[in-house]
Number of protein chains: 2
Amino acid sequence: MKITSRFTVAVHTLLVIYLFGGRRKTTSEFIADSVQVNPVVIRRTLLSLKAAGMVEVKAGSGGASIVKDLNDITLYDVYRAVDSVEGELFHFHEHPNPDCPVGKNIHALLDDCLADAQRAMENELKKVTLASLAEELKQKAGGAPSA
Amino acid sequence: MKITSRFTVAVHTLLVIYLFGGRRKTTSEFIADSVQVNPVVIRRTLLSLKAAGMVEVKAGSGGASIVKDLNDITLYDVYRAVDSVEGELFHFHEHPNPDCPVGKNIHALLDDCLADAQRAMENELKKVTLASLAEELKQKAGGAPSA
DNA sequence: ATAGTTGTAACCTTTTTGATTACATCCATA
DNA sequence: TATGGATGTAATCAAAAAGGTTACAACTAT
């Protein structure tokens, strides 16, 4: 199975707000047009990012803005903010037979390994800040985006 | 989202065959009783493990046996054998708007990071051999399992 | 007041998993 | 060589999760 696209949608959302913030009113509809999903999906994403203290959303008048230093937001933070993985990454079969020596011990045998693997993945996400992505984006997109 | 339990089921299956091989006929039903899933699920698992060259299954008479040195089987090999993750671990939103500087570049920005994260997770799985798990299992289960 | 937005519930569809049933095929052996 | 126990595999089913979509109340700048 794959990790939900909420994660990449959320990163995309932050980058749109960053790049267009100030020059445009970054409404859910505007962002949705860049991500190409339903505006409600973006609103839900913004709620998560707001709960994580990354953005602020103007209720009636519209528009989102970033309220945390992008140097202090890693991909891992975004990944967590939108609950990309609920608890454990690996899905265990739930009722191994406790009357079998394998069934009785399989959890003890695997839990640590699997947790290590998950942690290794998450630690990679911690290495990347939104600031570095934003910087790279600016270079790729050229100094003055127009779309 | 979570990675399919096929993975932990497959590891469990191999360990049952290892621990009881020789003393019992490890049929799909016997293994299913330890894992606590439907025997057909085990048969499908065994087909995957067979295709990966890890086990041999006696068609008519029944029973599976391990045909590869457990030192040469890592958790990663099992993970691959049962297609735990099909391609990319992270699910990307599929149609970002190419007319937006963010939509146009989001893939280029994230693909490497996400691939690194996935690779880090998989590399952890490569560190663990079935032989080490089997050894640990023997210790935990005591020298002479009876169930 | 109004027009444009957000917050949020409700519902639907699609996809994926795994459970289950069913049965043809296979094979050791009695 | 008939048979009983297994496997291989297709066909369904149901449950869970993710997104898409509609709808609308509440909010706010003007």
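So that the names make sense, note that chain A is the first sequence line, chain B the second, and so on, each numbered from 1. Only a predicted model underlies this, so the values are computations on that prediction, with no experimental measurement involved.
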Residue pair Leu47(B)/Lys25(B) against DNA chain D: nearer the 5' end by closest nucleotide is Lys25(B)
In whole angstroms, the gap separating P of dG8(D) from CD of Glu29(B) amounts to 15 Å
Among dT6(C), dA19(C), dA18(D), the one nearest any side-chain atom of Val41(B) is dA19(C)
Given DNA chain C, 5'-ward residue of the pair Val40(B) and Asp83(B), judged by closest heavy atom: Asp83(B)
Within the distance-only criterion (no hydrogens, no angle test), does the side chain of Ser48(B) pair as donor or acceptor with the backbone N or O of Val82(B) below 3.5 angstrom? no
Any side-chain N or O of Asn38(A) under 4.0 Å from OP1/OP2 of dT21(D)? yes
At less than 4.0 Å, is any side-chain N or O atom of Thr4(A) found next to OP1 or OP2 of dA17(D)? Yes or no. no
Quick one: label Leu46(B) by what it contacts on the DNA or RNA (base, sugar-phosphate, nothing), any heavy atom closer than 4.0 Å. nothing
Tell me the interatomic distance from Ile42(A), atom CD1, to dT5(C), atom P, rounded to whole angstroms. 15 Å
From CZ of Phe7(B) over to P of dG18(C), roughly how many Å is that when rounded to an integer? 13 Å
Is there a path of hydrophobic side-chain contacts, each under 4.5 Å between heavy atoms, that joins Val40(A) and Val57(A)? no
What integer distance in Å separates Gln36(B):CD from dA19(C):C1'? 14 Å
With a non-hydrogen cut-off below 4.0 angstrom, is Lys50(A) in contact with a base, only sugar-phosphate, or nothing? sugar-phosphate
Within a strict 4.5 Å, meaning less than it, do heavy atoms of the Phe7(A) and Leu75(A) side chains meet? yes
Determine whether the side chains of His93(B) and Ser5(A) contain a donor N or O and an acceptor N or O closer than 3.5 Å. no
Taking atom P of dC27(D) as reference, at what distance in whole Å does atom CD of Glu56(A) sit? 17 Å
Assign Arg44(A) to base, sugar-phosphate, or nothing according to its heavy-atom contacts below 4.0 angstrom with the strands shown. base
Contacts satisfying salt bridge (Lys or Arg N to Asp or Glu O under 4.0 Å) that involve residues 114-134 of chain B (not counting sequence neighbours) are Asp116(B)-Arg119(B), Glu124(B)-Lys127(B)
Between CG of Leu49(A) and P of dG7(C) the distance, given in whole Å, is 12 Å
Could you check which of dT17(C), dA19(C), dT8(C) has an atom nearest any side-chain atom of Arg6(B)? dT17(C)
For Pro39(B) and for Ser28(A), find the nucleotide of DNA chain C with the closest heavy atom, then tell me which residue's nucleotide is more 5'. Ser28(A)
Nearest-Å distance for atom pair NE2/C1', residues His93(A) and dG18(C): 13 Å
Phe90(A) CZ - dT17(C) P separation (whole Å): 15 Å
When you get a sec, tell me which of dA6(D), dG18(C), dT22(D) is the closest nucleotide to the side chain of His91(A)? dG18(C)
If hydrophobic clusters are built from ILVMFWY residues whose side chains come within less than 4.5 Å, do Val85(A) and Leu110(B) share one? yes
I'd like to know if the side chain of Arg43(B) reaches the main chain of Ser28(B), judged simply by a donor and an acceptor atom lying under 3.5 Å from each other, with no hydrogens or angles considered. no
Can you tell me if Asn105(B) uses its side chain to pair, donor with acceptor, with the backbone of Leu137(A) under 3.5 Å? no
Contact pattern, 5' to 3', of nucleotides 23-30 of chain C - B, S or - by protein heavy atom under 4.0 Å: ---BSS--
